[in-house]
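Only one structure is covered here, and it is reproduced in the block below.
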Amino acid sequence: MTGFDLAKLLAERGEERYELHARYLNHQLPRMLRTIGFDKVYERAEGAYFYDAEGNDYLDMLAGFGVMGLGRHHPVVRQALHDVLDAQTADLTRFDCQPLPGLLAERLLSFAPGMERVFFGNSGTEAVETALKFARFATGRPRVLYCDHAFHGLTTGSLSVNGEAGFRDGFAPLLPDTAVPLGDLEALRAQLRKGDVAALVVEPIQGKGVHEAPPGYLRAAGELLRKHGALLIADEVQTGLGRTGDFFAYQHEDGVDPDLVCVAKSLSGGYVPVSATLGKEWIFKKVYSSMDRVLVHSASFGANAQAMAAGLATLAVMEDERIVENARRTGDLLRERLSALVDRYELLYEVRGRGLMVGIEFGKPRSLRLRSRWTMLQAARKGLFAQMVVVPLLQRHRILTQVSGDHLEVIKLIPPLVVGEPEVERFVSAFTQVMDDAHSGNGLMWDFGRTLVKQALANR
């Protein structure tokens, strides 16, 4: 018997968490967290809340960047994982066919009419990599189109279709790719005329900035791509599984028929990493065209029993607890309450999004007093005002949020899909108080802004 005792190890060394990370992992993460006052110590979590050692609750409006769709530690998913571990399945033999992957594929496809087969991986970027490989092989073409400001992952293939230069810098050469503006059909048509495009990969609602594809764009883009022998890849890694008030965000409009769909994050139930690439049968049959090609694309931990059990439990909870309907209803209420504040605060520019994927954008104020302070922040680094709002939401109101992307004056709200009216009221009340402070010239808030300015200038 081993002497390993996890509870004892955490009790003895848990307080070293930030020092250990600084010494052995990404040393910039604890530095950043301390700079903005996010270096909290959370002891436990349940549903949409974290708790510290004193028992204070913190409302989670970030959901692990969308992973915690069901909140943390949902009892049904927990029980499924206990059950599958107790079953001691003959997992990952690689030379048999276990039942759980087939059952999860069958269940997942039932929510996506027109999709016929599934490949299981471990993360969102793997799902995108799979789609890129399958699209290039199925069409025999090398180039993939993506939209400006897109985010599809950070491994080399998905990085090639990343619309943010800051992520791409220093990692060239990447795959052949071209960016087109989201919603611009003429730009898409011009690229397709060149005859070398395998696919367009697109988020129905972009995570960076929370920008939605214009009405009719996805349907028209799919028709245009098909006319030119190219494929439409819908990246639903963040928007899928109910986030936007539909099971998949592309289903918001009739007539959208993607060839490949990328899924991850919430499918895990918040426990075991899992991703899925859904697609048309002809694409899969072309990739896996013979027994010689049976392993031409695979993943070492793909379709493992724990991940499959978590996925099946997650889909069951979504149906039983009407998670998609709750996301639509609660999201409508949240946007309605926040949109009512736009005319009240000159620093608040727009509230947008769908379901429980909400973007709050700030903009240049009209009054001279606020405009001078806004200009000071913008001169140092765009995005600092949004960070000024995020910090007091956590420090004073115990609500975890984050800016929507680097150099953006946008806060993105992607809470667990189990939140309801109490959480909406708590967030709107806290946000109102923070905006009141910002417009009244609250010294502490603007003093922190000057601290951020100094930090931004020091990092140049």
Side-chain angles (χ1 to χ4, degrees), residues 21 24-33 38 62-69 119-136 142-180 182 198-211 233-241 243 249 260-268 270 272-277 297-302 307 357 359 383 402-408 410 412 414 459:
H21 206 112
Y24 300 117
L25 300 167
N26 179 351
H27 64 288
Q28 295 291 3
L29 178 60
R31 181 185 176 203
M32 180 271 288
L33 293 173
F38 270 44
L62 190 59
F65 295 131
V67 170
M68 302 294 178
F119 175 86
F120 288 116
N122 305 284
S123 65
T125 194
E126 272 192 65
V128 172
E129 294 278 0
T130 299
L132 297 179
K133 284 183 67 176
F134 282 26
R136 295 176 81 200
R143 194 157 60 102
V144 177
L145 306 179
Y146 63 97
C147 294
D148 291 333
H149 311 298
F151 185 95
H152 299 289
L154 296 175
T155 50
T156 302
S158 59
L159 186 62
S160 301
V161 290
N162 193 310
E164 173 57 52
F167 287 114
R168 297 164 63 99
D169 289 348
F171 295 104
L174 299 171
L175 299 179
D177 58 73
T178 304
V180 294
L182 180 67
L200 167 70
V201 56
V202 60
E203 303 155 275
I205 302 178
Q206 291 186 331
K208 185 179 173 63
V210 193
H211 293 288
I233 303 171
D235 181 347
E236 295 268 4
V237 168
Q238 187 164 105
T239 57
L241 273 70
R243 169 61 57 190
L260 294 158
V261 179
C262 304
V263 183
K265 290 190 182 290
S266 289
L267 186 60
S268 67
V272 185
V274 59
S275 68
T277 305
H297 186 72
S298 62
S300 295
F301 287 94
M357 187 171 183
Q402 191 49 275
V403 294
S404 179
D406 207 16
H407 301 286
L408 288 182
V410 180
K412 179 170 64 176
I414 45 171
N459 284 337

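- Of all the heavy atoms in Ser268 and Val67, the pair that sits closest is OG-CG1, 3.6 Å.
- Glu126 and Ser275 get closest at one heavy-atom pair: CB-OG, 4.2 Å.
- Rounding to the nearest 0.5 angstrom, the gap separating the CG atom in Leu159 from the CZ atom in Phe151 is 8.5 Å.
- Of all heavy-atom pairs between Val263 and Ala127, the closest is O-CB, 3.9 Å.
- Side chain to side chain, Ser266 and Arg243 fail the donor-acceptor criterion of an N or O pair below 3.5 Å.
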**OP:** Run the numbers on Lys412 and Val403 for side-chain contact (heavy atoms from CB on, under 4.5 Å), then give the verdict.
**Re:** CA-CA 6 Å; Lys412 179 170 64 176; Val403 294; over 6 Å; no

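- Counting only heavy atoms from C-beta outward, the side chains of His211 and Ile205 never approach each other to under 4.5 Å.
- With contacts defined as side-chain heavy-atom distances shorter than 4.5 Å, the pair Val180/Leu200 qualifies.
- Between His152 atom NE2 and Ser160 atom OG the span is 11.0 Å, to the nearest 0.5 Å.
- Proximity of Val144 to Leu175: side-chain heavy atoms (C-beta onward) are nowhere separated by under 4.5 Å.
- In the displayed structure, Phe38 atom CZ is contacted under 6.0 Å by more than 12 heavy atoms of other residues, nucleotides or ligands.
- Separation of atoms CD (Gln206) and CG (Leu182) is listed at 5.0 Å; rounding is to 0.5 Å.
- Partner of Lys208 under the side-chain hydrogen bond (donor to acceptor under 3.5 Å, both in side chains) criterion, out of Glu203, Glu164, His149: Glu164 alone.
- The nearest pair of heavy atoms linking Ser404 to Val210 is OG-N, 4.1 Å.
- You'll find the side chain of His297 reaches within 4.5 Å of the side chain of Phe119, heavy atoms only.
- The minimum heavy-atom distance linking Gly207 with Met357 is given by the pair CA-CE, 3.7 Å.
- Residue Ile233 forms a side chain to side chain contact (heavy atoms under 4.5 Å, CB included) with just one option from Val261, Thr277, Leu260, Val202, and that option is Leu260.
- Shortest non-hydrogen contact noted between Thr178 and Arg143 is OG1-NH1, 2.6 Å.
- A distance of 9.0 Å separates CD of Gln238 from CZ of Phe65, quoted to the nearest 0.5 Å.
- Separation of atoms CG (Leu241) and CD (Glu236) is listed at 9.0 Å; rounding is to 0.5 Å.
- For the side chain to side chain contact (heavy atoms under 4.5 Å, CB included) with Cys262, the qualifying choice from Val128, Thr125, Val201 is Val128, the only one to do so.
- For the atom pair OG1 of Thr155 and CD of Glu129, the computed distance is 3.5 Å after rounding to the nearest 0.5 Å.
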